[in-house]
Amino acid sequence: MTEESTLTAPIGLTDGAVKQLNLVKESQNIPAEFGLRIGVKGGGCSGLSYELGFDEKKASDDTYVINGLEVFIQKAHAIYLIGMEIDWVEGLNNRGFSFNNPNAKSTCGCGTSFSA
């Protein structure tokens, strides 16, 4: 871990999300040096959509350790993610990661895109 990993993370991961992410990492044989990338990109019904996946660290990333999971967030994306919580939902009507983002002014019906 680098010195940067002592920064306070701008986002939170629930225990359920961490458990599911660890299962994905193990079942997909993701290399140990890869961390969880969380970010935003243009597109989606509401203008911006979330990025969530495993990736190598880039020079433009800040590194955090959240519930034992190494997380990479590009410095420019943090403003859109501050205070967000990612959860894993498993119910009769939906199953997957949910993004609770207090910065979102509006979201789409699928919950994976937003406007800020």
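Heavy atoms only: backbone and side chains are in, while hydrogens, waters and symmetry mates are out.
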*Pairwise distance NZ(Lys75) to CG(Asp62) - rounded to 0.5 angstrom*: 4.0 Å

For residues 28-35, which side-chain donor-acceptor pairs fall under 3.5 Å, sequence neighbours excluded?
none

_For the student: nearest non-hydrogen atoms of Asp55 and Arg37, plus distance_ = OD2-NE, 2.7 Å

*Can you tell me how far OH of Tyr64 sits from OG1 of Thr8, rounded to the nearest 0.5 angstrom?*
8.5 Å

*Selection residues 17-30 - residue pairs positive for salt bridge (charged side-chain N to carboxylate O under 4.0 Å, His left out), sequence neighbours left out*: none

_Show the nearest heavy-atom pair for residues Met84 and Tyr50, with the distance to one decimal._
SD-CE2, 3.5 Å

*asked:* If I take atom CH2 from residue Trp88 and atom CG from residue Leu21, how far apart are they, to the nearest 0.5 angstrom?
replied: 8.5 Å

*asked:* Tell me every residue that passes side-chain contact (heavy atoms from CB on, under 4.5 Å) with Leu52, counting only those two or more places apart in sequence or in another chain.
replied: Leu36, Ile38, Ile86, Phe97, Phe99

_If the condition is salt bridge (Lys or Arg N to Asp or Glu O under 4.0 Å), which residues does Asp87 pass it with, not counting sequence neighbours?_
none

_Quick check for you: to the nearest 0.5 Å, what is the distance between Thr63 atom OG1 and Ile73 atom CD1?_
9.5 Å

*Linking I/L/V/M/F/W/Y whenever any side-chain heavy atoms sit under 4.5 Å apart, do Leu69 and Ile11 land together?*
yes

*Heavy-atom pair of closest approach, residues Gly83 and Pro102*: O-CD, 3.5 Å

*asked:* Once rounded to the nearest 0.5 Å, what's the spacing between atom CD of Gln20 and atom CG of Leu13?
replied: 12.5 Å

_To the nearest 0.5 Å, what is the distance between CG on Asp61 and CD on Glu70?_
10.0 Å

*Within 6.0 angstrom of Ile79 CD1, more than 12 heavy atoms from elsewhere*: no

*Shared ILVMFWY cluster between Val71 and Val40, side chains joined below 4.5 angstrom?*
yes

